[in-house]
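Proteins get letters first, then strands, A, B, ... in listed order; numbering begins at 1 in each. Note that this is a predicted model, so its numbers are computed, not measured.
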2 protein chains.
Amino acid sequence: MSLPEASGRFCYDYERPSVATDIVLFTIREGALSVLLIERGEHPFKGSWALPGGFLRMDESPEQCALRELEEETGVEVSYLEQLYSFGAVRRDPRYRVLSIAHFALTPWQDHSLKAATDAADARWFDCHNLPKLAFDHSDIVGLAMQRLAAKLNYSTIALPLLPKEFTLGALQQVYEIISGKPIDKRNFRKQILARKHIEETGKKSKGDAHRPAMLYRAVDVGKVVYEG
Amino acid sequence: MSLPEASGRFCYDYERPSVATDIVLFTIREGALSVLLIERGEHPFKGSWALPGGFLRMDESPEQCALRELEEETGVEVSYLEQLYSFGAVRRDPRYRVLSIAHFALTPWQDHSLKAATDAADARWFDCHNLPKLAFDHSDIVGLAMQRLAAKLNYSTIALPLLPKEFTLGALQQVYEIISGKPIDKRNFRKQILARKHIEETGKKSKGDAHRPAMLYRAVDVGKVVYEG
DNA sequence: TTATGTTAGTGTCAAAGTAACACAAACAAT
DNA sequence: ATTGTTTGTGTTACTTTGACACTAACATAA
């Protein structure tokens, strides 16, 4: 096929889909894997819960767009972001064609005071295993993100962005158990996780808890970031 | 941010990037992992080699677009296709903004008579480890596709679409060796690959070769297809 | 017909990794 | 001082992986 030629900045030779990003932001909250959703304030799906996201601007990359939309709609900062998948079914948006570049993000739990968003009526965390019906194809997107998260647990450092900078092995094990949905033997977990050399002792110990203090660990600095992780 | 409202079919409230697909089609040819490239007949990068691909139409999904463009530009049919990654750097195309949904495809080697493409001067197979300089960011895309292919070897059936429907264990082992770049022990390979139960005996044997005939195997039918595989 | 070249097909053993298992120590709260 | 809770630690059986060599069956060439 022939290429649409650029004439000035716009190029209307061919119709184009709109391009948006959506973000599946996970955290671990109250012992459950949770995802951040916004209540839509506009049609379509007004009043439904949906993923945060919005339209791509011409001067930003998809990743930048995802970060900007998250900030605008929820005020949350993330500790990890990667592209998940692009959803491009012709009729996934009932209004007109919108291609969504879905992203996958993580943040450690803290009592995020969720900002009232511009065009969102509300923003809240939901337990991933107890989600309401979502707008558009957002249930599919969340499902794929959960798969990806579980799959990456065992060959990456993906659990670390869900914890604060310093954490105990007990807390890390909880993250693994919650995401995989299976109990893990404490001694085996500690042996294996330390053998990977992704975390190191800080020398400090936790205090203030009603039990024996635990060694605090941190992620070892890795340096480079690559496509997809 | 507010949403662009649809007025009729077009929606010009916001500037939009063009959306295209590119396809990294691999085959095993002459003992080497090879990728299909076209020689660009138009500017920019006229005369350079590039991935096959083209612009998304409003009535087709990204996957359909990838298949259509492959057919149009090269006449090749594929045995496997999945989305790879969406490349959206602001200036990845020097003309104007083009977002590319890159795909990853496989086909068994056969003496494909490569169709002279509409807007491609030529189409040829290249050894992946001896590629020319490519147009746009296509070298990055091929690199990512090679990573993905190697990574999936050991937890998926990704090698099978590179072979004809019936194949010998020797041929399958060659695929693994070529993609991983490492020699594999024949006995261990056979034990492990059969234990996965992804392939089964056909009962038939190869013939016509100047050596002992080998059992022919085929992929066991799996049924469902899922996101990303 | 025989010899040669080439790939198919097969089992054992050592090493490494994984999974199951229990109890004392250190703190806060009562 | 007692209770409740989490930390921290080692050994053993089991499973998986990796190394290793020879005979069988065909086509081809001598």
Side-chain angles (χ1 to χ4, degrees), chain A residues 28 30-32 109 150-156 159 162-164 166-218, chain B residues 28 30-32 109 150-156 159-160 162-218:
Chain A
I28 304 276
E30 295 168 10
W109 171 251
K152 291 191 99 162
L153 258 195
N154 296 309
Y155 64 92
S156 76
L162 287 166
L163 291 169
E166 302 191 338
F167 53 86
T168 65
L169 289 184
L172 182 59
Q173 183 175 342
Q174 272 187 46
V175 171
Y176 274 75
E177 289 177 327
I178 290 168
I179 295 175
S180 70
K182 291 174 189 165
I184 303 175
D185 179 83
K186 196 207 303 190
R187 281 175 289 194
N188 293 335
F189 177 77
R190 290 161 109 90
K191 262 181 296 186
Q192 290 167 14
I193 208 76
L194 291 174
R196 289 196 212 169
K197 308 270 188 188
H198 291 151
I199 62 175
E200 61 191 4
E201 295 188 356
T202 61
K204 289 180 276 184
K205 293 210 161 203
S206 65
K207 50 184 175 182
D209 300 305
H211 53 76
R212 176 172 171 177
M215 174 64 70
L216 290 170
Y217 288 78
R218 64 171 157 251
Chain B
I28 304 275
E30 295 168 12
W109 172 251
K152 291 192 98 162
L153 258 196
N154 296 308
Y155 64 91
S156 76
L160 301 179
L162 287 166
L163 291 169
K165 287 211 180 72
E166 303 192 337
F167 53 87
T168 65
L169 290 183
L172 183 59
Q173 182 175 342
Q174 272 187 45
V175 171
Y176 274 76
E177 289 178 326
I178 289 167
I179 294 175
S180 69
K182 292 173 188 164
I184 303 175
D185 179 84
K186 196 206 303 190
R187 281 176 289 192
N188 293 336
F189 178 77
R190 290 161 108 90
K191 263 182 296 184
Q192 291 167 15
I193 209 74
L194 291 174
R196 291 197 212 167
K197 309 269 189 186
H198 291 152
I199 61 175
E200 62 191 4
E201 296 188 356
T202 61
K204 288 181 274 182
K205 294 212 161 203
S206 65
K207 52 184 173 181
D209 300 305
H211 56 75
R212 176 172 171 177
M215 174 63 70
L216 290 170
Y217 288 79
R218 64 171 157 251

Asks: Closest-nucleotide mapping onto DNA chain D: is A:Ala214 or A:Lys191 further toward the 5' terminus? I mean the 5' end.
Replies: A:Ala214

Asks: Of A:Pro213 and A:Lys186, whose nearest nucleotide on DNA chain C comes first from the 5' end?
Replies: A:Lys186

Asks: Rounded to the Å, how far apart are A:Phe189 CZ and D:dT6 C1'?
Replies: 15 Å

Asks: Expressed in angstrom and rounded to an integer, what is the separation of B:Lys182 atom NZ from D:dG18 atom C1'?
Replies: 14 Å

Asks: OH/A:Tyr217 to NE2/A:His198 distance, rounded to the nearest 0.5 angstrom?
Replies: 15.0 Å

Asks: So what does B:Lys207 hit on the nucleic acid, given a heavy-atom distance under 4.0 Å: a base, only sugar-phosphate, or nothing?
Replies: nothing

Asks: So which one's nearest nucleotide on DNA chain C is more toward 5', A:Gly208 or A:Arg187?
Replies: A:Arg187

Asks: Write down the distance between CE (B:Met215) and P (D:dC26), rounded to a whole number of angstrom.
Replies: 13 Å

Asks: Which heavy atom of B:Thr168 sits nearest to which heavy atom of B:Ser206, and what is that distance?
Replies: CG2-CB, 4.3 Å

Asks: Applying a 4.0 Å non-hydrogen cut-off, can you work out what B:Asp209 is touching in the nucleic acid: base, sugar-phosphate, or nothing?
Replies: sugar-phosphate

Asks: On DNA chain C, reading 5' to 3', which nucleotide is the first and which the last to sit with an atom under 4.0 Å from a heavy atom of chain A, could you check?
Replies: C:dA19 to C:dA28

Asks: Would you mind reading off the distance between B:Asp185 atom CG and D:dC22 atom P, rounded to a whole angstrom?
Replies: 15 Å

Asks: Just how far, in rounded Å, is P of D:dT6 from CZ of A:Arg190?
Replies: 13 Å

Asks: Give the rounded distance in Å between these two atoms: CZ of A:Phe167 and C1' of D:dT6.
Replies: 17 Å

Asks: Check A:Arg196 against A:Leu153 and note the closest heavy-atom contact, atom names and distance.
Replies: NH1-O, 3.6 Å

Asks: To the nearest Å, give me how far apart NE2 (B:His211) and P (D:dT28) are.
Replies: 11 Å

Asks: Given atom CG of B:Asn188 and atom C1' of D:dT17, what is their separation to the nearest angstrom?
Replies: 7 Å

Asks: Can you tell me whether the side chain of A:Arg212 and the base of D:dT7 have a donor-acceptor pair closer than 3.5 Å?
Replies: yes

